[in-house]
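This report concerns only the one structure given below.
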Amino acid sequence: MTVRVRFAPSPTGHLHIGGLRTALYNFLLAKSQGGSFILRIEDTDQERSEKKYEALQMEALRWAGIDWDEGPGEGPCGPYRQSERLSFYKKYADRLIEEDKAFYCFCTDEELAEMKEKAVKENRPPHYDGRYRNYPKSEALQRIAAGEKPAVRFKASLKSFILEDLVRGRVVFPENMVGDFVIVRSNGLPIYNFCCVVDDWLMKITHVVRGEDHLSNTVRQLMLYEALDASRPQFAHVSLLIGQDRQKLSKRHGVVSVDHYRQEGFLPEAMTNYLCLLGWSHPQEKEIFSQNEVVDLFDTTRFTKASAIYDLEKLKYINGQHLRRLSNEDILKRCEKFFPKNHPFFDGSNSWKIQCISFFKDQVQFFNQLPGLLDDLFRIDSRGDDEDELKAIRGLESTPVMATYLKSEIERLLSENKAFAQKDDFSHWMTHIKKELKIKGKPLFKGMRAVLTGAAQGPELVGLIPLTPLSVLKDRMKRY
Ligand code: GLU
């Protein structure tokens, strides 16, 4: 069997991180089995679907490294937009009517509301009361010919259904769970459950991996598979993503669109790594991995049943881990768009930029934290956040003595046409200050930092100073 899976988003908004996780699981399942991953656009809700969201969702998937083998415009089972497949749905809806498995329903919205109200009052499930179930077809056709527009309802099966779900195990849907349900609206547009079954069947989908919130749809879909005599795929209903309050992850919990994370500089490899772990576990319990590393190991037996709590801090941590896995060259290439335009960092030589990245990358989890750190290489005045401490250090007797010496050293290097001090120069300064100027301990370390960087705290000086332009060091020292 060739595995064929699909991701079937509705283009009604930005891609949600839960959607990205679903896409990822399907993608990994396809790739691990040498199968095909299909992108199908479920855009039959004309009011809410927008082309712009289709494009944005595709872009977000590609950003995350999830590319499809078949999708809009490409593949043998197209079209892949449901809005372009209406003739298929019509064909099968007509067939169900012909076989007496579906019927025309002329109920108005008011009648349906009344029906529901009555059932609730009588403590019955709010199912359709079967009003048009046995309505003579000839009469229905006459009313249609006269211009009435009925919905098409499926005759729900009364028996129970059993699903062997790849995540949840045996799921039993008891009898009479749903009433006769609409498959085509009175405006002629088909309903999700129906399109989904027709498409999964015609597109030869072998596995459907989706959130467990779809289980209530699944029972309807099982009925439709049976009525259409269609082979049904295997289902894997994965646990939902939930917030810290254990509620389904939604906008209330903060930003949930993939686009947001992308703009913020989260790495796609970190995003997919983290999402993969929310509902699936690595066979060696590894936490940090790339898609390539996991593709051969991925299988449906390691899905977890429990809901997964979305933890932004964990995602940030994983982002930092992935950032550190990148080569300095790669970081340099990818970080530029997170800098303000014309940032002086990009005026430097390539080897200097690479050294800067190598030095600063351990201190960040995100690309967009780099500009702030690199600003420290160009800032002349103090940062302003540690004034009290700085004042105390500057007030030490030894600080101006040390500054006079450092100033002369920097002048000397500049007169030799040097642009940067070397690590050796820095070590030489330290030795000189210790031995000749007799400054040691805190006054030495704190004093040197204050004089050379204009800050009381910061990264290791021996790494930082050789990366700071001598011209900047000179300007900083003007105050002494
Ligand atoms: N369009 C549906 C959704 O976005 C797809 C559900 C499914 O995978 O069957 O939720």
Side-chain angles (χ1 to χ4, degrees), residues 3-30 36-51 53-58 60-61 66 68 70-72 77 79-86 88-89 163 165-168 171 173 178 181 183 185 189-225 228 230-241 248-251 256-258 275 279 300 303:
V3 166
R4 287 177 61 80
V5 296
R6 51 42 167 207
F7 176 55
S10 303
T12 54
H14 290 277
L15 182 64
H16 183 284
I17 42 183
L20 180 57
R21 188 190 62 157
T22 302
L24 177 71
Y25 285 158
N26 281 289
F27 175 78
L28 289 174
L29 178 58
S36 297
F37 174 70
I38 291 138
L39 177 68
R40 182 171 76 224
I41 306 296
E42 303 210 323
D43 58 351
T44 52
D45 184 344
Q46 287 185 328
E47 267 160 39
R48 294 176 57 227
S49 298
E50 281 187 54
K51 269 265 178 269
Y53 289 126
E54 178 187 311
L56 284 170
Q57 293 200 9
M58 286 179 166
L61 287 174
I66 297 177
W68 44 96
E70 296 171 32
C77 294
Y80 293 89
R81 277 187 200 94
Q82 290 189 331
S83 59
E84 295 165 12
R85 298 176 61 79
L86 298 180
F88 293 108
Y89 311 131
L163 172 71
D165 190 84
L166 291 170
V167 184
R168 322 218 80 76
V171 181
F173 299 102
V178 294
F181 56 92
I183 53 173
R185 293 187 194 88
L189 288 175
I191 295 271
Y192 156 71
N193 276 315
F194 181 54
C195 304
C196 179
V197 169
V198 171
D199 289 348
D200 284 344
W201 173 39
L202 297 183
M203 291 180 181
K204 304 181 181 69
I205 299 301
T206 57
H207 297 75
V208 169
V209 183
R210 61 186 177 196
E212 64 174 325
D213 49 338
H214 279 290
L215 269 173
S216 59
N217 290 319
T218 306
V219 60
R220 291 173 175 82
Q221 296 181 9
L222 294 181
M223 291 179 187
L224 286 165
Y225 278 108
L228 290 165
S231 50
R232 46 146 125 148
Q234 280 190 276
F235 288 92
H237 287 94
V238 293
S239 52
L240 293 184
L241 296 187
K248 185 179 167 187
L249 198 67
S250 72
K251 281 192 187 129
V256 287
S257 90
V258 175
L275 289 175
T300 55
F303 279 131

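As the structure lists them, so they are numbered: ligands from 1, and atoms in each ligand from 1. Numbering starts at 1 and runs along the sequence shown. Just so it is clear, the structure is predicted and the values come from calculations on it, not from any experiment.
- Here Leu228 pairs with Tyr92, Arg95, Leu96, Val197, Val198, Trp201, Ala230 under the side chain to side chain contact (heavy atoms under 4.5 Å, CB included) rule; sequence neighbours left out.
- Near ligand 1, Arg6, Ala8, Ser10, Glu42, Tyr192, Cys196, Arg210, His214 each place a heavy atom less than 4.0 angstrom from the ligand.
- Between the side chain of Arg4 and the backbone N or O of Met203, at least one donor-acceptor pair lies under 3.5 Å.
- Residues satisfying the side chain to side chain contact (heavy atoms under 4.5 Å, CB included) test with Asn217, not counting sequence neighbours, are Tyr192, Asn193, His214, Gln221.
- Under 3.5 Å, the side chains of Tyr80 and Asp199 contain no donor-acceptor pair of N or O atoms.
- In this structure, Asn26 contributes its side chain and Val5 its backbone to no donor-acceptor pair below 3.5 Å.
- Applying the side chain to side chain contact (heavy atoms under 4.5 Å, CB included) rule to Thr218 yields the partners Leu163, Phe173, Arg210, Leu215, Leu222, Phe235, His237; only residues at least two apart in sequence or on another chain are considered.
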